Amino acid sequence: MSQFEVIYGDAVVLEYSKLVAGEDLTEEIAKAYGADGLGILTVSGIPGLTEAREALLPLARRFALLPEDVKSKYVHEASCYSFGWSHGKEKLDGNFDLSKGSYYANPQYDRPVDDDELINKFSSFIHPNIWPNDDLPELEQAFKDLGRLIVAVGKLVAIQCDSYVKKLCPSYPDNRLKNTLDGSLCCKARLLHYFDCSQSVSSHDNSSNDNHDPFSSWCGWHNDHGSLTGLVSAMFIDSDGNIVQNTDPSAGLYCRNRKSQLVKVSIPSDHLAFQIGETAQVHSGGILQATPHAVRGSNVPGISRETFAVFMEPNWYEKMTCPEEIDPSQAQSQSAAENLPRGVPPLKSRWNPSQDFGEFTTATLSSYY
């Protein structure tokens, strides 16, 4: 199969009503997150999702189009640009990435802790939120509404994940993923505006970079390193501010499966998607498996892409340990490691069981950036 030969895959779908009812959906979890899964599933039938998505996503474009001196008021370097506005601070294939802009905040807690010393030490995790209330006041509530909805549904998915892992691994701590999400102070949400292709340029000529992957033109290949990521279906907006259909069928979210095949995954507009992260992979001893994914840009001029992701992750001090009965070497399967896309570092190069989540995060970000 050539590098860009694509197959089309349908994500496993869970019904929200069945999650709420507590039905046993562990077979579906196995299909989505197990050794042969895509690492992603969607949830249908969520009350209030459509309204919350439509309220927030257009605000990504509105903020991105504000004057630079206005946006600069909400840039926070001390947290490594992990709160407020970030543009051109990350790298894509070795180049500073100007193709997208992000607004980061904690959707659950505006000020997770009151200890200033702790905030300064772990500012990328627990700095107080920064809201553009003087320039786009409606952003705060819309951001929190959708973010909290995603977390609530994510906790229902986590219950099913815990049940599935427990069946296969009796030493797995009861409700480990659900308890992690319940106790976390540092859930992070990211509102993304992908600039249209006529505006999206890197800070260097990509053609001169041997590591550049022309496929992942909006978001390079990576595994999420947290526990569980929730995301909405993307919205496409034209230069006049109208919501439009995606007219480039090649644009969107892609995964690399365990056979190194390129799989395009569609998320219906009324579904939420959930991707398993590497922390849940470690905590489950590899029973749950994260999958590399990337976003391919649209080739249609004048069309931007808006989306929203919530990274549900442990507190910085939580230990990165496998269940007692599982050898840590099993945390990433050999086939998964062998089929990682170029630029995605193997888990074993960034993780060891003595780390806490903060140390694992530092090692992971250093390996990518």
Side-chain angles (χ1 to χ4, degrees), residues 12 14 18-37 39-41 43 108-109 112-113 122 125-126 150-188 223-230 274-291 310-333 336 347-348 350-364:
V12 171
L14 306 182
K18 292 182 178 181
L19 287 170
V20 172
E23 294 187 23
D24 183 355
L25 303 176
T26 52
E27 288 189 11
E28 287 86 347
I29 295 296
K31 292 176 184 177
Y33 297 152
D36 296 321
I40 187 171
L41 59 76
V43 179
Q108 296 178 288
Y109 308 106
V113 301
F122 298 104
F125 290 99
I126 52 174
I150 291 173
V151 171
V153 179
K155 290 180 179 181
L156 297 175
V157 174
I159 291 171
Q160 298 290 334
C161 291
D162 285 328
S163 296
Y164 169 62
V165 177
K166 190 71 173 182
K167 286 181 178 180
L168 300 181
C169 178
S171 68
Y172 178 74
D174 291 344
N175 308 311
R176 185 170 192 179
L177 180 54
K178 172 63 160 50
N179 289 342
T180 293
L181 303 190
D182 281 341
S184 177
L185 298 173
C186 49
C187 175
K188 184 69 63 64
N223 280 342
D224 290 341
H225 76 281
S227 298
L228 187 67
T229 302
F274 291 90
Q275 293 178 298
I276 207 70
E278 290 177 322
T279 293
Q281 179 174 323
V282 168
H283 285 168
S284 69
I287 293 173
L288 306 173
Q289 288 276 326
T291 300
V310 179
F311 303 98
M312 291 164 270
E313 56 192 32
N315 291 319
W316 60 95
Y317 51 78
E318 183 156 339
K319 294 300 182 183
M320 294 292 295
T321 54
C322 292
E324 292 179 0
E325 68 190 80
I326 294 182
D327 188 317
S329 65
Q330 298 180 36
Q332 184 169 58
S333 69
L347 180 63
K348 66 181 181 180
R350 299 173 279 115
W351 164 74
N352 69 72
S354 68
Q355 289 173 323
D356 58 31
F357 180 68
E359 292 166 334
F360 174 59
T361 297
T362 298
T364 295

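Note that the structure is predicted; figures quoted are calculated from it, not measured. These values consider heavy atoms only, across backbone and side chains, with no hydrogens, waters or symmetry-generated copies.
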So, taking the atom named [atom1] in [X] and the one named [atom2] in [Y], what distance separates them when rounded to the nearest 0.5 Å?
X	Y	atom1	atom2	result
Cys186	Phe311	SG	CZ	13.0 Å
Asn352	Phe360	CG	CZ	10.5 Å
Lys319	Ser354	NZ	OG	7.5 Å
His283	Thr321	NE2	OG1	5.5 Å
Ile287	Leu168	CD1	CG	5.0 Å
Thr362	Phe357	OG1	CZ	9.5 Å

Taking Asp224 as the fixed residue, which of Thr364, Thr291, Thr229 is the one that meets the side-chain hydrogen bond (donor to acceptor under 3.5 Å, both in side chains) rule?
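By the side-chain hydrogen bond (donor to acceptor under 3.5 Å, both in side chains) criterion, Asp224 pairs with just one of Thr364, Thr291, Thr229: Thr229.
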Residue that, paired with Arg350, satisfies side-chain hydrogen bond (donor to acceptor under 3.5 Å, both in side chains) out of Gln355, Glu278, Glu359
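Only one of Gln355, Glu278, Glu359 forms a side-chain hydrogen bond (donor to acceptor under 3.5 Å, both in side chains) with Arg350, namely Glu278.
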Looking at residues at least two apart in the chain, or sitting in another chain, which of them share a side chain to side chain donor-acceptor pair (under 3.5 Å) with [X]?
X	answer
Tyr109	none
Ser284	none
Thr180	Glu318
Tyr172	Asp162

Distance-minimising heavy-atom pair for [X] and [Y]:
X	Y	answer
Cys161	Leu288	CB-CD1, 4.1 Å
Pro112	Ile126	CD-O, 3.7 Å
Ala331	Leu347	CB-CD2, 4.1 Å
Pro328	Cys322	CA-SG, 3.9 Å

Any residue meeting side-chain contact (heavy atoms from CB on, under 4.5 Å) with [X], in chain and number order, not counting sequence neighbours:
X	answer
Asp36	none
Asp174	Lys166
Pro173	Arg176
Ser163	Thr26

Would you call [X] and [Y] a side-chain contact if the rule is heavy atoms closer than 4.5 Å?
X	Y	result
Leu177	Val165	no
Met312	Ser184	no
Val157	Leu19	yes
Phe274	Tyr33	yes
Pro314	Ser227	yes
Ile29	Val12	no

Contacts of [X] that satisfy salt bridge (Lys or Arg N to Asp or Glu O under 4.0 Å) - sequence neighbours left out:
X	answer
Asp182	Lys155, Lys178
Lys188	none
Lys167	Asp24

Side-chain ([X]) to main-chain ([Y]) donor-acceptor, under 3.5 angstrom:
X	Y	answer
Glu324	Ser171	no
Thr279	His225	yes
Asn315	Gly183	yes
Gln289	Gly37	no

Residues in ring pair (Phe, Tyr, Trp, His ring centres under 6.0 Å) with Phe122, at least two apart?
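If we apply the ring pair (Phe, Tyr, Trp, His ring centres under 6.0 Å) test to Phe122, skipping adjacent residues, the hits are Trp316.
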Assess whether side-chain contact (heavy atoms from CB on, under 4.5 Å) is satisfied between Glu28 and Leu41, documenting all intermediate values.
CA-CA 9 Å; Glu28 287 86 347; Leu41 59 76; over 6 Å; no
